[in-house]
Amino acid sequence: MRMSRYFLPILKETPAEAQIVSHRLMLRAGMIKQASAGIYSWLPLGFKVLRRLEDIVHEEQIRAGHNPMLMPTLQSADLWRESGRYEDYGEEMLRITDRHGRDMLYGPTNEELITDIFRGHVQSYKDLPLTLYHIQWKFRDERRPRFGVMRGREFFMKDGYNFDVSKEAALHAYNRHMVSYLRTYERMGLKAIPMRADSGPIGGDDTHEFLVLADTGESEVFYDSAILDLKLGDRDVDYDNWDQCSAIKDEWTTPYARTDETHNEARFAEVPEAHRKSSRGIEVGQIFYFGTKYSDAMNAKVVNEEGAHVPVHMGSHGIGVSRLVGAIIEASHDDNGIIWPESVAPFKVGIVNLKQGSEEADGACEALYKELNAKGLEPIYDDRNERAGAKFATMDLIGIPWRITVGPRGLKNGVVELTSRKTGESVEVTPEEAVARCEAIYADV
RNA sequence: CGGGCUAUAGCGCAGUUUGGUAGCGCGUUCGUCUGGGGGACGAGAGGUCGCAGGUUCGAAUCCUGCUAGCCCGACCA
């Protein structure tokens, strides 16, 4: 993409409404524009990051054997009356009446809808296990939206639902989700810690939230710092292997890690003092096992091996995709702007032309641009007629992980400069070498 | 939902106390110079002062009502 043709309305000054750093940077980098309280338009740069996260979530869900689908944003109130939640959910649910006077709602979650789909099409244990999920916009009419996309009213979320014939099978689904979530967050360059949590309005027995540590987090968290050293890495996971998933879950849930809601001082005191940490965290996902809560209420049964009709065991799992954009920025930025992890960066490499209009610099940049595009390294080429300072500041603000700086001074010696956004370190290399290095960097992202 | 506050050019703000022809910085347009960390100078464009009513010779400014948004708290992915 050429910056001269890209819609990137960056701001030098911080809009008054933004308080926390991710909100400020998203506005300044031209990623979002507020449409009304807690509701945002996603401008090209923000949309690109959002799609990247969505892609990663899809890839990891499919890897775990789950079925992508898409349910509507508007739902009929009837299903919610059946589960009893139409009354229970309260003011956070946006209720709408259509022209025929039918009660509708903008879905805050999809347990009812998915259970209805399930009961209409699945009758036998032979069709289980089954996990369906979608990534869709949700709406919760927060009393006080704030922090930009971190706590909006409209938000983009992956929510999935597993259906199993027994509690044991459903608990494997729970473990499988924990592993796939760990992998998802790790791919996004995040350290998200599973913490025992309260089940809230979803209900259920077993639940963990995933929290990213950041000073601006809404929750107070307490944990054993040993958990920070855990890494899934490239270990070979078989998502159908109950023992392996269970072992990985144990690995991550053995060190103490809880939010203030479930914090237990006595058990925390058993953690070695040097490892005892407390800080703040941003919740970026949650998994639940809730048994037969919805299948009982909505009569979702399957025939088991003995020929008996039994309510199906369920769980649900969510990842706040739009919120993650903010959470990643909270976890990865500096005074100059955003620092995208390579895996989620909207553009992989930035090209800065220091002398727009000069034959040598333009030619070298065009060649680099073409080569990077050919190799799928998605460059953003700052071809505007701006001064060097403005171009550097823009690249830093929008957080492009690697920058290739092309100027007459270097070209005289046949070199360009390759700079890491994260460390600020630069190396002078030939243009070919710069491309080769970028290719190597992104080969294993 | 309780408490506090704001609304003036695309963005950040002053002007409101004490009514009298709407200003500053950034951005933007044109020109000249400049050219490796948001450059300089010059010349422009851009605002029914959130909306509706009222008081007044005259309202951004005073009064009434509404709307939108922000902050703290309680609540939440």
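To find a chain, count down the sequence lines: A is the first, B the second, and so on, and within it residues start at 1. From a predicted model like this one, the values you see are computed outputs, not experimental measurements.
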Tyr133(A)-His58(A) aromatic ring centre distance below 6.0 Å: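 Distance test on ring centres: under 6.0 Å, yes.
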Aromatic contact, Phe118(A) with Phe163(A) (centres under 6.0 Å):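 That pair passes the under 6.0 Å test.
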Taking atom types as they are modelled, is there a donor-acceptor pair under 3.5 Å from the base of [N] to the side chain of [X]?
{"X": "Arg28(A)", "N": "rG38(B)", "answer": "yes"}
{"X": "Arg403(A)", "N": "rG37(B)", "answer": "yes"}
{"X": "Arg151(A)", "N": "rC76(B)", "answer": "yes"}
{"X": "Asp396(A)", "N": "rG37(B)", "answer": "yes"}
{"X": "Glu417(A)", "N": "rG36(B)", "answer": "yes"}

Let's see if you can work this out: which of [options] has an atom nearest to the side-chain heavy atoms of [X]?
{"X": "Arg387(A)", "options": "rA74(B), rG39(B), rA77(B)", "answer": "rG39(B)"}
{"X": "Glu17(A)", "options": "rC76(B), rG12(B), rA74(B)", "answer": "rG12(B)"}
{"X": "Phe392(A)", "options": "rG36(B), rG25(B), rC75(B)", "answer": "rG36(B)"}
{"X": "Ala16(A)", "options": "rG73(B), rA77(B), rG12(B)", "answer": "rG12(B)"}

Exceeds 12 heavy-atom contacts within 6.0 angstrom, atom NZ of Lys48(A):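 Yes - once you tally the heavy atoms of other residues, nucleotides and ligands closer than 6.0 Å, there are more than 12.
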In this structure, how many angstroms lie between the [atom2] atom of [N] and the [atom1] atom of [X], rounded?
{"X": "Ile10(A)", "N": "rC11(B)", "atom1": "CD1", "atom2": "P", "value": "16 Å"}
{"X": "Phe147(A)", "N": "rA77(B)", "atom1": "CZ", "atom2": "P", "value": "15 Å"}
{"X": "Leu27(A)", "N": "rG10(B)", "atom1": "CG", "atom2": "P", "value": "17 Å"}
{"X": "Ile39(A)", "N": "rA68(B)", "atom1": "CD1", "atom2": "C1'", "value": "13 Å"}
{"X": "Glu218(A)", "N": "rA74(B)", "atom1": "CD", "atom2": "P", "value": "13 Å"}
{"X": "Phe210(A)", "N": "rA77(B)", "atom1": "CZ", "atom2": "C1'", "value": "13 Å"}
{"X": "Met157(A)", "N": "rC76(B)", "atom1": "CE", "atom2": "C1'", "value": "12 Å"}
{"X": "Lys355(A)", "N": "rG39(B)", "atom1": "NZ", "atom2": "P", "value": "19 Å"}

Within the structure shown, what part of the strands sits under 4.0 Å from [X] by heavy-atom distance: base, sugar-phosphate, or nothing?
{"X": "Gly407(A)", "answer": "base"}
{"X": "Gln34(A)", "answer": "sugar-phosphate"}
{"X": "Ser322(A)", "answer": "nothing"}
{"X": "Leu11(A)", "answer": "nothing"}
{"X": "Asp141(A)", "answer": "nothing"}
{"X": "Gly320(A)", "answer": "nothing"}
{"X": "Leu324(A)", "answer": "nothing"}
{"X": "Ala393(A)", "answer": "base"}
{"X": "Gln19(A)", "answer": "sugar-phosphate"}
{"X": "Asp159(A)", "answer": "nothing"}
{"X": "Gly424(A)", "answer": "nothing"}
{"X": "Lys12(A)", "answer": "base"}

With both distances under 3.5 angstrom, what nucleotide forms a Watson-Crick or G-U wobble pair with [N]?
{"N": "rU21(B)", "answer": "none"}
{"N": "rG2(B)", "answer": "rC72(B)"}
{"N": "rC62(B)", "answer": "rG54(B)"}
{"N": "rU28(B)", "answer": "rG44(B)"}
{"N": "rA77(B)", "answer": "none"}

How far does the [atom1] atom of [N] sit from the matching atom of [M], given to the nearest Å?
{"N": "rC33(B)", "M": "rC71(B)", "atom1": "C1'", "answer": "47 Å"}
{"N": "rG10(B)", "M": "rG47(B)", "atom1": "C1'", "answer": "12 Å"}
{"N": "rA59(B)", "M": "rG53(B)", "atom1": "P", "answer": "13 Å"}
{"N": "rU16(B)", "M": "rU61(B)", "atom1": "P", "answer": "12 Å"}

First locate atom [atom1] of [X], then atom [atom2] of [Y], and finally report the distance between them rounded to the nearest 0.5 Å.
{"X": "Ile319(A)", "Y": "Thr184(A)", "atom1": "CD1", "atom2": "OG1", "answer": "4.5 Å"}
{"X": "His317(A)", "Y": "Tyr174(A)", "atom1": "NE2", "atom2": "OH", "answer": "9.0 Å"}
{"X": "Thr115(A)", "Y": "Arg119(A)", "atom1": "OG1", "atom2": "CZ", "answer": "8.0 Å"}

First of Gln356(A) and Glu283(A) reached from the 5' end of RNA chain B, by closest nucleotide: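 Result: Gln356(A).
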Along RNA chain B (nearest heavy atom to each residue), the more 5'-positioned of Glu142(A) and Ala37(A):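 The 5'-side residue here is Ala37(A).
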Aro-ring/base stack Phe155(A)-rA77(B), d under 5.5 Å, angle under 30°: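 Taking the rule of under 5.5 Å and under 30°, the ring of Phe155(A) does stack on rA77(B).
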Lys/Arg cation over aromatic Tyr86(A): Arg81(A), 6.0 Å, 45° cone: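 Positive - Arg81(A) is close enough to the ring of Tyr86(A) and near enough to its axis.
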Residues Glu218(A) and Arg151(A) bridged, charged N to O under 4.0 Å: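 No, Glu218(A) and Arg151(A) are not salt-bridged.
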Contact check, side chains of Arg143(A) and Glu91(A), non-hydrogen atoms, under 4.5 Å: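 Sidechains of Glu91(A) and Arg143(A): no contact.
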rC72(B) OP1/OP2 closer than 4.0 Å to side-chain N/O of Arg144(A):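 Yes, Arg144(A) has a side-chain N/O under 4.0 Å of OP1/OP2 on rC72(B).
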